[in-house]
Amino acid sequence: MKRNIVIAVVTAAALVGGGTATALAVAGDDDDSTSVTRTDDDRDDRGEDRSDDRDGDDDDGAVRAAAPGGVTAAEAITAALKHTPGTAVSAELDDGSWEVDVLAEGDTWHTVRIAPDSGKVLGAQKDDEDDAAEVRAALKGASVTAEDAAKAAAAKGTVVSVDLDDDGGDKGWEAETRASGGDARDWNVDLKTASVTPDRDDD
């Protein structure tokens, strides 16, 4: 029995979104044919950061923050304080959003969630915290805010968290950054000078 197999490759140059399509037609003796079309719309994304495939609770959010147009830690803090005035004490990229802790007037704590791609406020809630006195004492005389600390630490990588360390004698801001390769580093940011130094406990 004689079989004829015809393979035709058709490339469409003007598809919406600039994708490509490949069609395969296989014909047998009874002229039945099967057509398979594959669309590839991601070919222009080769240069984008694909590190979001790595394991880690906050990796997806970190990639969005590092991507063009992403909201940085400093910008998230600014947006949170615009919504809920007070003193930002921490900011963390967690569960797909920035969570900024704000100590407002009357020692009331609020957690404000910020979208990492648009900077919009996703929600806010009051928290039951009782360490307002310690925080205010640690920040007394400080000239570097959480936003300032985030900007300073950004020189070391993508900032995914900033937190006030109010324990012990070495009070200051703690920041975690992610490098383009995904490596995490911890840093200390001085409350008065904004100088950034490696955290002594960071491996």
Might you point out which heavy atoms bring [X] and [Y] nearest each other, and give the distance in Å?
| X | Y | value |
| --- | --- | --- |
| Glu75 | Gly70 | OE1-O, 3.6 Å |
| Ala175 | Ala153 | CB-CB, 3.7 Å |
| Val71 | Gly119 | CG2-N, 3.3 Å |
| Ala150 | Ile77 | CB-CD1, 4.5 Å |
| Ala152 | Ala194 | CB-O, 3.6 Å |
| Pro116 | Trp98 | CA-CD1, 3.9 Å |

Return the [atom1] to [atom2] distance between [X] and [Y], rounded to the nearest 0.5 Å.
| X | Y | atom1 | atom2 | answer |
| --- | --- | --- | --- | --- |
| Asp94 | Arg113 | CG | CZ | 10.5 Å |
| Ile114 | His83 | CD1 | NE2 | 8.0 Å |
| Thr158 | Glu176 | OG1 | CD | 11.0 Å |
| Asp148 | Lys151 | CG | NZ | 6.5 Å |
| Lys171 | Asn188 | NZ | CG | 13.5 Å |
| Glu174 | Asp186 | CD | CG | 7.5 Å |

Flag side-chain contact, heavy atom, 4.5 Å: Val102 against Leu81: yes
With a cut-off of 3.5 Å and sequence neighbours excluded, list every side-chain donor-acceptor pair involving residues 128-139.
residue	atom	partner	partner atom	Å
Arg136	NE	Asp107	OD1	2.9
Arg136	NH2	Ala104	O	3.1
Arg136	NH2	Asp107	OD1	3.3

Between the side chains of Trp187 and Thr177, does any donor sit under 3.5 Å from an acceptor? yes
Distance-only side-chain donor-acceptor flag, Asp190 / Ser195, under 3.5 Å: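 Not at all, the side chains of Asp190 and Ser195 share no donor-acceptor pair under 3.5 Å.
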For residues 159-166, which side-chain donor-acceptor pairs fall under 3.5 Å, sequence neighbours excluded?
residue	atom	partner	partner atom	Å
Asp165	OD1	Asp167	N	3.2

Before you tell me yes or no, could you show the steps for Asp101 and His110 under side-chain contact (heavy atoms from CB on, under 4.5 Å), namely the whole-Å CA-CA distance, both residues' side-chain angles and the distance that decides it to 0.1 Å? CA-CA 6 Å; Asp101 289 333; His110 300 267; over 6 Å; no
For Thr78, check side-chain hydrogen bond (donor to acceptor under 3.5 Å, both in side chains) against everything at least two apart and list the hits.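 Scan of Thr78 (side-chain hydrogen bond (donor to acceptor under 3.5 Å, both in side chains), adjacent residues dropped) gives Glu147.
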Do any N or O atoms from the side chain of Trp173 and from the backbone of Val144 form a donor-acceptor pair under 3.5 angstrom? yes
